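Reading through the structure tokens given below for one structure.
No experiment lies behind these values; they were computed from the predicted model shown.
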Amino acid sequence: MPGPYDLSHRKLAESLAGEPDFRVRQVWDGLYRRVLPVAELSDLPLSLRARLAADPAFRPALATELRSVADGGQTVKWGWRLRDGAIVEAVLMHYPDRATVCVSTQAGCAMACRFCATGQAGFTRHLSAGEILEQVAAAIAEARPRRVANVVFMGMGEPLANYDPLWAAVERLHADFGISARHLTVSTVGLVPGMRRLAKESLPVNLAVSLHAANDELRNRLVPINKRWPLAAVMAACREYQGRKGRRLSFEWALIDGVNDRPRDADELAELTRPLGAHVNLIPLNPTPGFPTRGSPPAQVRAFRDLLVGQGVNATIRRNRGTDIDAACGQLAGHAATAGPATVALRTIRRSRVAN
């Protein structure tokens, strides 16, 4: 059964058969412009609110919410239980005047990257466009009065492996939620056909490639999909994307102690990325139970950045947020309620429906 954000305006009108057109417009406006749960659509008569509340598609789903103590509650992780029992996670990051939400496109992930908790968990299923959009809707409601300025498809799953729902969500975020395509970022581990398809789309979204190694031997071990689409193919797709969109590419690099943080790794990475003028995000590897190797220590992270900058690469170190609630990069695994009460504040919320 589709949720409310899976419905086009026409389908919503059909689901509200018998209601006048202006009521359909009010519901649509409430969902997409004001982004409110049904119970708070005060311009609707009680009878219609009751009708929507009785519809399983509009019923609030139970969700767990974890707030990071380490940054004063400014990083929030939600775990939403889908109708089939799977759990997906989304992360909202507050900043002084804005917010960024990191959303999932799949329950689990089939890419099997060794250092990623989602990859260790395996693949369950794709999300629908509506299930993706509902994560954003919940973030918009929670962030007020801040605005959600950026949506990053970097949560659970490989976005380009769920291409059609992903792109439908992108188009709806742009057209119905009013979020500029330039504030939408799609991440990929290097699914070349999806990258080429994305390059041909009309909206100029940002592309971030999770690289983590700059030679095929190491990348085959860290990112198994590299055996199917090796670095030469990935970089060719990057050049095609940049040529068509004129947008600066980003590369993600999780720094693993003694594995990909050596001077020769920096040299190889600089050789790949410098011709593209790309931005490199350096991310100290976050701990996951299934990968014993630790992240590079802070001094080594800074040294690696300095080596890249010294070779003309635009490289920055990403601040890890939400590590104490397993909300940082590579830590989402679909078990949001497992963190201990000593490190997080945990409560059940029913305000917004994010999964049917």
Side-chain angles (χ1 to χ4, degrees), residues 1-12 28-35 57-58 61 63 78 80 82-84 86-93 99-110 118 123-143 147-189 191 193-195 197-208 241 245 247 332 334 352-356:
M1 179 180 297
Y5 289 96
D6 278 306
L7 301 175
S8 64
H9 194 283
R10 180 177 62 82
K11 290 293 186 181
L12 178 64
W28 183 269
D29 181 75
L31 290 173
Y32 287 98
R33 300 302 179 193
R34 290 178 290 155
V35 194
F58 286 84
W78 291 305
W80 307 103
L82 306 181
R83 188 162 61 104
D84 56 7
I87 293 177
V88 296
E89 297 179 346
V91 179
L92 176 65
M93 292 162 283
T100 292
V101 61
C102 175
V103 300
S104 295
T105 54
Q106 296 175 314
C109 183
T118 314
F123 175 74
T124 301
R125 71 168 174 88
H126 298 303
L127 299 190
S128 69
E131 288 170 333
I132 298 169
L133 289 172
E134 287 174 283
Q135 297 171 62
V136 181
I140 292 172
E142 170 69 21
R147 66 186 178 90
V148 171
N150 298 289
V151 179
V152 295
F153 298 91
M154 296 182 179
M156 297 173 65
E158 162 55 52
L160 297 185
N162 189 25
Y163 193 96
D164 289 336
L166 163 75
W167 192 251
V170 165
E171 291 183 320
R172 298 281 292 279
L173 286 171
H174 179 73
D176 298 327
F177 284 87
I179 299 176
S180 168
R182 294 179 181 270
H183 294 280
L184 305 175
T185 299
V186 175
S187 177
T188 181
V189 293
L191 270 65
M195 294 169 68
R197 187 175 174 187
L198 195 68
K200 298 174 183 177
E201 300 286 4
S202 59
L203 296 177
V205 298
N206 301 303
L207 179 63
Y241 191 88
K245 298 297 184 186
R247 304 283 289 155
L332 302 186
S352 304
R353 183 190 181 282
V354 173
N356 52 319

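The CE atom of Met93 lies 9.0 Å from the CG atom of Asn150; values are rounded to the nearest 0.5 Å. Put simply, CZ on Arg197 and OH on Tyr241 are 13.5 Å apart, with the number rounded to the nearest 0.5 Å. Going from atom OG of Ser8 over to atom NZ of Lys11 covers 6.5 Å, rounded to the nearest 0.5 Å. With values rounded to the nearest 0.5 angstrom, Trp167 atom CH2 is found 10.5 Å from Leu160 atom CG. Between atom OG of residue Ser128 and atom CG of residue Leu82 there is a gap of 9.0 Å, rounded to the nearest 0.5 Å. A distance of 9.5 Å separates NE2 of His9 from CG of Asp176, quoted to the nearest 0.5 Å.
Of all the heavy atoms in Asn162 and Leu127, the pair that sits closest is ND2-O, 2.9 Å. Residues Ala168 and Ala129 come closest through the heavy atom pair CB-CB, 3.8 Å. The two atoms that bring Thr105 and Leu166 nearest to each other are CG2-CD1, 4.2 Å, heavy atoms only. Contact detail for Ala99 and Leu92: the closest heavy-atom pair is CB-CD1, 3.9 Å. When all heavy atoms of Leu7 and Trp28 are compared, the closest pair comes out as O-CZ3, 3.6 Å. When all heavy atoms of Cys102 and Gly155 are compared, the pair lying nearest together is SG-N, 3.4 Å.
Counting heavy atoms from C-beta on, the side chains of Val151 and Val103 come closer than 4.5 Å. Inter-residue side-chain proximity for Val91 and Val101 is flagged as unmet; no heavy-atom pair is nearer than 4.5 Å. Within the 4.5 Å cutoff, the side chain of Val170 has heavy atoms near those of the Phe153 side chain. Using a 4.5 Å cut-off on side-chain heavy atoms (C-beta onward), Val189 and Glu158 make contact. In this structure, Val148 and Thr100 have side chains that are not in contact, with every pair of non-hydrogen atoms separated by 4.5 Å or more. Residues Trp80 and Ile87 fail the side-chain proximity criterion, which asks for heavy atoms closer than 4.5 Å. Between Leu207 and Leu198, the closest side-chain pair of non-hydrogen atoms falls below 4.5 Å.
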Verify salt bridge (Lys or Arg N to Asp or Glu O under 4.0 Å) between Asp6 and Arg172, making sure each step is shown before the conclusion. CA-CA 10 Å; Asp6 278 306; Arg172 298 281 292 279; over 6 Å; no
Walk me through it: do Glu131 and Arg125 pass the test salt bridge (Lys or Arg N to Asp or Glu O under 4.0 Å)? CA-CA 12 Å; Glu131 288 170 333; Arg125 71 168 174 88; 3.0 Å; yes
Derivation and outcome, side-chain contact (heavy atoms from CB on, under 4.5 Å), residues Trp78 and Gln135: CA-CA 9 Å; Trp78 291 305; Gln135 297 171 62; over 6 Å; no
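Side-chain polar atoms of Ser104 and Glu89 form no donor-acceptor pair below 3.5 angstrom. In the model, Arg247 has a side-chain atom that pairs as donor or acceptor with a side-chain atom of Asn206 under 3.5 Å.
The backbone N or O of Leu31 lies less than 3.5 Å from a partner atom in the side chain of Tyr5, making a donor-acceptor pair. A donor-acceptor contact shorter than 3.5 Å is absent between the side chain of Gln106 and the backbone of Pro159.
The salt bridge (charged side-chain N to carboxylate O under 4.0 Å, His left out) search around Arg147 returns none, not counting sequence neighbours.
Ring centers of His174 and Phe177: at least 6.0 Å apart, outside the cut-off.
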